[in-house]
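See below for the structure under consideration.
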Amino acid sequence: MINYIIRRILYAIPILIGVNLLTFALFFVVNTPDNMARIHLGVKHVTPEAIAKWKHERGYDKPLIWNSAAQGAKQASDTIFFEKSVGMFAFDFGRSDEGRDIAHDIKTRMWPSLAIALPVFVVGLAVNIAFAMLMAFFRATYIDLSGVVLCVAMMSISGLFYIIGGQYLVSKLLHLTPISGFDAGSNALKFIILPVVIGVVGGIGSGARWYRTIFLEETSRDYVRTARAKGLSELSVLFGHVLKNAMIPILTGAVVVIPLLFMGSLISESFFGIPGLGSYTIDAINAQDFAIVRAMVFLGSVLYIVGLILTDISYTLVDPRIRLE
Amino acid sequence: MKFSLIYALLAVLLAACGAPPWNSPYPVADEGGNIAYSSFAERPKHLDPAQSYSSNEITFTGQIYEPPLQYHYLKRPYTLIPLSATELPKPLFLDAQGKPLPADSAAEKVAFSVYEIRIKPGARYQPHPAFARDAQGRYLYHDLKPEDLAKVYKLADFPQTGTRELEAADYVHQIKRLAHPRLNSPIFGMMGEYIVGLKEYAKILDNAQKSLPPGARLDLTRYPLAGVEVVDRHTYRVKLKGKYPQFLYWLAMPFFAPVPPEADRFYGQPGMAEKNLTLDWYPVGTGPYMLTVNDPNRRMVLERNPNFHGEAYPTEGEPGDAAAGLLKDAGKPLPFIDKAVFSLEKESIPYWNKFLQGYYDASGISSDSFDQAVRVATQGEADVTDMMKEKGIRLQTTVTATNYYYGFNMLDPVVGGFSEQAKKLRQAVSIAIDYEEFISIFANGRGIPAQGPLPPGIFGAHEGEQGINPYIYDWVAGKPKRKPIEYAKKLLAEAGYPGGRDEKTGKPLMLYLDITATGPDDKARLDWIRKQFQAVDLQLVVRNTDYNRFQDKIRKGNAQIFHWGWNADYPDPENFLFLLYGPNARVKGEGENSANYDNPEFNHLFERMKNMDNGPERQKIIDEMLAIARNDAPWIWGFHPKQYSLFHAWYKNVKPNLMANNGLKYVRIDAGLRTKKQREWNEPVLWPLGLLAAVLVAVLVPAVAAYRRKERQAAR
């Protein structure tokens, strides 16, 4: 397995270089270093000298990807692309174009994101599985039918509606939790409840329906019939056998997102005033802060690759037949 | 056992009756505190007074830093008064040989203006580690080693703080900082044209910086600046090129606030910037408040500066202020509020709901909530709705010193130039675009159509018939009336485009509008503007583009018609009319004149007007300039937005002041009333939770019964 993981990590390097190159190309197709300088220096009284100075200080006065004026290896290394990319492979994200320490920002902002995303993930997974099990247990009954209709209805509703509707109902009409905001430590609890409840409820439709399909497929298999024939209770059949055998598709969808939980959710954090990483990238794109954009895209790619590797590893844990070689 | 449970429940309920509302976003300990609650939608980029320029930044820096002058809080028109200065400085004019000239000298004779500014003694800086000293008087934190910073993540991690008296040298230091090569002060370019030696000083600093090892601090105290000098401990002098009366307005902005060299020395140490410990993040001032929490992803907190030198609430205002209760606190010591908490609120819906719940003291009004908040009477008077009145919320409106307009690129071969044809075409389009309708539809009536570049209330702008643009409006029944569309068509015909077609080629005239329309409301606006052009048989092609390309087009003069805006720096006509001054043209001079309007007569008048004191002679020149500009019509003059603000009953001493940025110190909060109202408006409603539980049980009971039945069946 170690060899497999090392191989996967080595495969990741060209992928990350490619992602980095693509991010760089897309960003600089839309923005020029002059545009970036103007955005950062403000709208009023911006002189060409100030723009030139801003670019020079941040290394944006160099050629984008190839320095034909330089000699030897410097033709590739004395460029914006090389200088802004090489540090990231050592996870040195450097400073934002405004001068802030990006690593510090990420460290500070990932915890509030995690405070919302982790409970939503864990509770959501549990609720979705339980609801799907319920529907599978009562398959082809009014409970199953009502559940499916409910799931389809809930899937059809926009996530934004859950947020605004939840805020209106719980905070504005019932006055039970703050509409938005965040605090440190245990004081954060009252701010987390509503986004977590909304996150869980908003995900039930698609999640439960997907898991129901998986469970129904499993319940039609021979080993389930055998288990029932042995006289096992339906709960034992479902939780002791069906759930175990349905773990592969569940893990495929679930484990890959675990590392990405750090990245937060843009809309949810925006509406609930959560100071997480959700809006960090979008704010940086709006502010044309390339340093943050490249760092966040890189981090996102790394976390996604980590998620895929973890998924592979998790297969070996739930299915002894699988070996990573 | 049963009784003890009941008692416990009762105790919880009774405790809940006296507890703060469950939906309060603030800590329980802060309830009833003398705290102002506000919000911000976008985090301030800069808090360094050399860099900070945006209004969302000045909200903070204005309360922390004290420049020499400030605007009187209540008086209108806006009046400058001393803040840290002892009096308004009067310039001494010198000729080219350095000989003094009389105070009423003509601008062309004045080679230099010298402003001598004396500051009030005794003001002290907020507590700050940059001033902390040991028993021997040595600075504690000016020679920090990497290990000293190992456990430091924020300013509060330095256990010791100190202070010292404000000195004239601190103001001089800040003026030097405007030329600092790493700060990129937005006003350096402009001030370099006026402050003697500032441009050259920037070059000296640039060379000095290059000679230093990377990351080393540039010590400005070692480099004198020719045009700025310390006279004595509490007096300094600024020497300007020529006559520039608007300099006084700049002296009321944080750009000219004092910065102690100790702060630069403290923050300039290796390892500080890497931890975001910079003056840009943690300001150091002498003002009534200091920034104690700077977490712009969540909240920013200003707290009373314990070393504040003291100031009194104004004792006079304009007529009506006393009746409005704005002079009740006359003469009382400032500031009134202990703390101001600004929470990040990116979305308008939660922000508005929290205002209605009493968790924000004041609010603007978005289009979505306008109808809920404001009722416009048939006479056009705006007032709050009954629902707002019940809550004691009051409305204040004021016309902003802002212009939103459509500009014609005067370099464009079709709409530009000074030919009679081109003028008539621009005038016809200006008539066709019905700004009264625009304001009514898209701004909920919050604005007034512009009659020229000067907003009302700015010196030079006339009220009534005298103030209308005669090329666009007629004065009918005591108010301006837009000229009829037939008249616009007639002008168009005279311009060579009868029926919207070029009379030479017979082809329809196609005009192009460059715009950055990205929001969901923009489509309606664009449809509306197309309709306005169609009314005079003109075809409008909208070229929607992203912000960068739009800026490029404007810079290169490739746009034909474009949408633009201007927010005044200070309440002087020069700050508006320079937008039409030829040498400021965007293409030629990289200035703020985006229309590239360059009328020699206008330019000449502007050069005379800009350095004059307000008075009849200046008014006469402005009148001439306005007449020229209105005739040339380089802009479709657009409108001046009206600011609508809502305030809760507990928020006192509020008077909109669009120029002053240090208004927090005047505001008073009735915290008792706020607490009472917050509790009244936010009592938790629990019965739906019981209902929800009952529904769940009602659903689950048959399910469980069915499960048991099924299990029993399986057992058989």
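By convention in this document, chain letters (A, B, ...) are assigned in the order of the sequence lines, proteins followed by strands, and residues within each chain are numbered from 1. Hydrogens, waters and symmetry mates are skipped; everything else that's a heavy atom, side chains included, is used.
Pairing each heavy atom of A/Phe138 with each of B/Ala703, the nearest pair is CZ-O, 3.2 Å. Contact record, B/Pro181 with A/Lys53: O-CD, 3.0 Å, taken as the closest heavy-atom pair. The minimum heavy-atom distance between A/Ala50 and B/Asn184, with the atom names listed, is O-OD1, 4.0 Å. The two residues A/Glu98 and B/Arg43 come nearest to each other via the heavy atoms OE1-NH2, 3.0 Å.
If you measure heavy-atom distances from A/Ser180 to chain B, the contacts under 4.5 Å come from both the backbone and the side chain. Both the backbone and the side chain of B/Glu274 come within contact range of chain A, each with at least one heavy atom under 4.5 Å from a heavy atom of that chain. Both the backbone and the side chain of A/Arg100 come within less than 4.5 Å of a heavy atom of chain B. If you measure heavy-atom distances from B/Asp552 to chain A, the contacts under 4.5 Å come from the side chain alone. Contacts of A/Glu57 with chain B are made by side-chain atoms alone, with heavy-atom separations under 4.5 Å and no backbone atom involved. With a 4.5 angstrom heavy-atom cutoff, A/Asn187 does not touch chain B via any of its atoms. In this structure, the portions of A/Phe137 lying under 4.5 Å from any heavy atom of chain B include both its backbone and its side chain. Residue B/Pro21 does not touch chain A at all, counting heavy-atom pairs closer than 4.5 Å. There is no contact between B/Ala202 and chain A, counting heavy-atom distances below 4.5 Å. Contacts of A/Arg109 with chain B are made by side-chain atoms alone, with heavy-atom separations under 4.5 Å and no backbone atom involved. Of the atoms belonging to A/Leu176, heavy atoms from both backbone and side chain fall under 4.5 Å from chain B. Looking at A/Phe191, the atoms closer than 4.5 Å to chain B (heavy atoms on both sides) all sit in the side chain, from C-beta outward.
Contact check on B/Arg555 versus A/Asp34 returns no salt bridge, with no Lys/Arg side-chain nitrogen under 4.0 Å from an Asp/Glu carboxylate oxygen. Looking at B/Lys199 and A/Glu49, no side-chain N of the basic residue comes within less than 4.0 Å of a carboxylate O on the acidic one, giving no salt bridge.
Residues of residues 160-168 of chain A having a heavy atom under 4.5 Å from any heavy atom of chain B, listed by number: A/Ile164, A/Gln167.
When A/Ser146, A/Pro112, A/Ser270 are compared by the number of non-hydrogen pairs under 4.5 Å with chain B, A/Ser270 comes out ahead. Between chain B and the residues A/Glu269, A/Arg95, A/His104, A/Gln288, the largest count of heavy-atom pairs under 4.5 Å involves A/Arg95. Between chain A and the options B/Ser348, B/Pro296, B/Ala706, B/Ala273, the largest number of non-hydrogen pairs under 4.5 Å is found for B/Ala273. The candidate from B/Pro684, B/Pro350, B/Gly189 with the greatest count of non-hydrogen atom pairs under 4.5 Å with chain A is B/Pro350. Taking A/Gly276, A/Ala287, A/Pro48 one by one and counting their heavy-atom pairs under 4.5 Å with chain B, the maximum is reached by A/Pro48. Here B/Trp681 is the residue among B/Tyr26, B/Phe188, B/Tyr359, B/Trp681 with the most heavy-atom pairs under 4.5 Å with chain A. Annotation: maximal heavy-atom pairing with chain A below 4.5 Å, among B/Val685, B/Asp569, B/Asp280, occurs at B/Val685. Interface check for chain A: of the options B/Lys275, B/Gln51, B/Lys45, B/Arg182, the most heavy-atom pairs under 4.5 Å are formed by B/Lys45.
Inter-residue side-chain proximity for A/Ser171 and B/Asn353 is flagged as unmet; no heavy-atom pair is nearer than 4.5 Å. A/Asn35 places none of its side-chain heavy atoms less than 4.5 Å from the side chain of B/Arg549. Residues B/Lys346 and A/Asp283 are in side-chain contact: their nearest non-hydrogen atoms beyond the backbone lie under 4.5 Å apart.
Within a 6.0 Å radius of CD in B/Gln372, more than 12 heavy atoms belonging to other residues, nucleotides or ligands are found.
With A/Lys190 contributing its side chain and B/Ser24 its backbone, the two residues share a donor-acceptor pair below 3.5 Å. Of the possible polar contacts, none joining the B/Asn23 side chain to the A/Ile179 backbone as a donor-acceptor pair under 3.5 Å is found.
Residue A/Asn286 holds its CG atom at 12.5 Å from OH of B/Tyr547, rounded to the nearest 0.5 Å. Once rounded to the nearest 0.5 Å, the distance linking CD1 of A/Ile274 with CG of B/Asn297 reads 12.0 Å. A distance of 4.0 Å separates CD of B/Glu347 from CZ of A/Phe271, quoted to the nearest 0.5 Å.
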### Message
Does A/Leu235 form a side chain to side chain contact (heavy atoms under 4.5 Å, CB included) with B/Tyr707? I'd like the steps, not just the answer.
### Response
CA-CA 9 Å; A/Leu235 277 183; B/Tyr707 168 74; 3.0 Å; yes

